[in-house]
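Contents: one structure, followed by commentary.
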Amino acid sequence: LGMAGWLGLEINPATSAAPTIIIAIAIASFMHTVTRAASLSSGEICESASVQSALKSNLAPTASALGTTAVGFATLNSANAPPIQDLGTLVAGGLIVCFFVGYSWLPILLRGCRFRQSALRRWMGQFVERATAISIASDLRLVMFISIALLGIASCAALNEVDDQF
């Protein structure tokens, strides 16, 4: 938001959501790198090789996720409402900055981390395996349910209006 002030963008109810959006997307994107480093580490202090491997294997997916999301938010510049345009500009720029800051600071932060296998993590692994087995066993019913739900939700999309009335 400091850069937004320098660029002359006004803070309004729409742009006030930008920091929350940027942080949520950044955490979701970089969490894959952190979990990969945790799975590669031996339980002691993270070795340099595990951090380097995690960063290398997640560079392209993180770059594409943050890049395409930034492009998506940049398309808000075609909206009729100036506050929505400002939100798109702030989030798109914030995500690009976040990528470079994340890949410059994350290796430093990961090098001193200790990762342990917790009971919750084991339970979540078992839960995911059971949920996967259920979804494979009832794939046609699941596809039909999701299709009907998506059609219902998509039919409401025409009701959305983008304006600057807050």
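The figures that follow rest on heavy atoms only: side chains count, while hydrogens, waters and symmetry mates do not.
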Worked verdict on Ser29 versus Phe99 for side-chain contact (heavy atoms from CB on, under 4.5 Å): CA-CA 9 Å; Ser29 296; Phe99 174 76; over 6 Å; no

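- Between the CG atom of Asn58 and the OH atom of Tyr103 there is a distance of 5.5 Å, given to the nearest 0.5 Å.
- One finds the CD1 atom of Ile134 at 10.5 Å from the CZ atom of Arg141 (value rounded to the nearest 0.5 Å).
- At distances below 3.5 Å, at least one donor-acceptor pair connects side-chain atoms of Ser104 with backbone N or O atoms of Val101.
- If you take CZ on Phe145 and OG on Ser138, they are separated by 11.5 Å, rounding to the nearest 0.5 Å.
- Separation of atoms CD1 (Ile22) and CD1 (Ile96) is listed at 10.5 Å; rounding is to 0.5 Å.
- Between His32 and Pro61 there is no side-chain heavy-atom pair separated by less than 4.5 Å.
- Note on Leu95: it clusters hydrophobically with Phe100, by side-chain heavy-atom contacts below 4.5 Å among ILVMFWY residues.
- Distance check: Arg130 CZ to Ser135 OG gives 13.5 Å after rounding to the nearest 0.5 Å.
- Here the side chain of Thr69 pairs no donor or acceptor atom with the backbone of Leu66 at under 3.5 angstrom.
- In this structure, Ser53 contributes its side chain and Ser50 its backbone to no donor-acceptor pair below 3.5 Å.
- Under a hydrophobic clustering in which Ile, Leu, Val, Met, Phe, Trp and Tyr are joined whenever their side-chain heavy atoms come within less than 4.5 Å, directly or via other members, Val34 and Ile23 fall into the same cluster.
- Linking ILVMFWY side-chain heavy atoms closer than 4.5 Å, directly or via other members, places Val51 and Leu109 in two distinct hydrophobic clusters.
- Thr132 and Val128 make their closest contact through OG1-O, 2.7 Å (heavy atoms, listed as atom of the first residue, atom of the second, distance).
- Here the closest heavy-atom approach between residue Ser16 and residue Pro13 is recorded as OG-O, 2.8 Å.
- The structure places CG of Asp86 at 8.0 Å from CG of Asn77, a figure rounded to the nearest 0.5 Å.
- Of all non-hydrogen atoms in Ala18 and Leu90, the two that sit nearest each other are CB-CB, 4.1 Å.
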Worked verdict on Thr15 versus Thr89 for side-chain contact (heavy atoms from CB on, under 4.5 Å): CA-CA 9 Å; Thr15 57; Thr89 303; over 6 Å; no

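- One hydrophobic cluster, built from ILVMFWY side chains closer than 4.5 Å, cannot hold both Val97 and Val71; they sit in different ones.
- When all heavy atoms of Ala14 and Leu87 are compared, the pair lying nearest together is O-CD1, 3.3 Å.
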Residues Phe73, Thr68; criterion side-chain contact (heavy atoms from CB on, under 4.5 Å); working and verdict: CA-CA 9 Å; Phe73 273 99; Thr68 55; over 6 Å; no

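- Taking both residues in full, the closest heavy atoms of Gly102 and Pro107 are given as O-CD, 4.0 Å, listed atom of the first, atom of the second, then distance.
- Scanning all heavy atoms of the two residues, the minimum distance from Ala54 to Ala37 falls at CB-N, 3.5 Å.
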